[in-house]
Amino acid sequence: MSVVRICKIFTFDAAHQLTGHTGKCANLHGHTYTLEVVIAGEPHGPEHPSDEGFVMDFAQLKSIVKERVVDVFDHAFLAMGNEAAIDALRLSGSKVKILGFRTTAENMALYICYQLVEAGLAVYSVKLWETPTSWAEVHASDIPVGGPKYGVGGACDIE
Ligand SMILES: Nc1nc2c(c(=O)[nH]1)N=C([C@H](O)[C@H](O)COP(=O)(O)OP(=O)(O)OP(=O)(O)O)CN2
Ligand SMILES: [Zn+2]
């Protein structure tokens, strides 16, 4: 049998702020993110009659990515943890997800990839489109055992 890669594509809307950035992204702003999740494996054989020919049922993949990532991030303020707006947003009842790292496309792709590996998926890669012209891609095989390193300046343990 041959290894085949399959992909499912998701979108979610979220706000973030790159505090300390010298450009426009230092402002609190939002994106409609597109997430491409690629799974690798050999298609099932006749011993799995329902899923024969599938690497993985797209419906099952959708359900896991939705629960672990999309539903967590959608319509949230994705925060490192030190943004001044957090308290006001929480007071107003807004959804805030503290990630503990600077919410660049690169760091978010690393985080998402690791979350999905931890969920038991045979992740090959994730690609996160932050805008229609900007994306970051992570190959699961490049993530160290124990999880991604986000950089000394990007870590934050504020909860
Ligand atoms: N390497 C990175 N650079 C930037 C990131 C990032 O996560 N990684 N993030 C931002 C901003 O958050 C925002 O995404 C702006 O990005 P940009 O591509 O510049 O957005 P535009 O709307 O200006 O895109 P155009 O297609 O060029 O109009 C900034 N940089
Ligand atoms: Zn942005």
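All values below were derived from every heavy atom in this structure, side-chain atoms included, with hydrogens, water molecules and symmetry-related copies excluded. For ligands, and for the atoms within them, numbers begin at 1 and follow the listed sequence.
To the nearest 10 degrees, the angle centred on the Zn ion (ligand 2) between NE2 in H16 and NE2 in H29 reads 90°.
The line from CG of L128 to SG of C113 is 11.0 Å long, rounded to the nearest 0.5 Å. Atom-to-atom distance recorded for L28:CG and L18:CG is 10.0 Å, nearest 0.5 angstrom.
Note: H44 and H48 have tilted aromatic rings, judged against thresholds of 30 and 60 degrees for the angle between ring planes.
Heavy-atom proximity to T104, at under 4.0 Å, picks out these atoms of ligand 1: 7 (O). Of all the atoms in ligand 1, the ones that sit under 4.0 Å from a non-hydrogen atom of H31 are 12 (O), 13 (C), 14 (O). Close approach to H16 involves these atoms of ligand 1, each under 4.0 Å from a residue heavy atom: 12 (O).
Regarding atom 3 (N) of ligand 1, its nearest protein heavy-atom neighbour is E106 OE2, 4.8 Å. The protein non-hydrogen atom at the shortest distance from atom 9 (N) of ligand 1 is E130 OE1, 3.0 Å.
Between L110 and V138, the shortest heavy-atom contact is N-CG2, 3.6 Å.
If you look at Y33 and F73, their ring centroids are not closer than 6.0 Å.
With hydrogens and angles disregarded, a donor-acceptor distance shorter than 3.5 Å links the side chain of Q17 to the backbone of A26. Under the 3.5 Å distance criterion, the side-chain polar atoms of H16 are matched with a main-chain donor or acceptor of T103.
Under the 4.5 Å side-chain heavy-atom criterion for Ile, Leu, Val, Met, Phe, Trp and Tyr, V117 and I112 are members of the same hydrophobic cluster.
Of the options N27, L128, T131, T103, the smallest heavy-atom separation from atom 20 (O) of ligand 1 is shown by T131. Looking at S134, G30, P132, A105, it is A105 that brings a heavy atom closest to atom 7 (O) of ligand 1.
Put simply, atom 1 (N) of ligand 1 has protein non-hydrogen atoms near it, under 4.0 Å away. Per-atom contact check: atom 28 (O) of ligand 1 does not touch the protein, criterion being a heavy-atom distance below 4.0 Å.
Residue-level proximity to ligand 1 for T133 is carried by the side chain, the only part with a heavy atom below 4.0 angstrom. Neither the backbone nor the side chain of H21 comes within contact range of ligand 1; no heavy atom lies under 4.0 Å. If you look at C25 next to ligand 1, the close heavy atoms, those under 4.0 Å, all belong to the side chain.
Counting heavy atoms from C-beta on, the side chains of W129 and H31 never come closer than 4.5 Å.
Note on ligand 1: K24 sits in its first shell, one or more heavy atoms being nearer than 4.0 Å.
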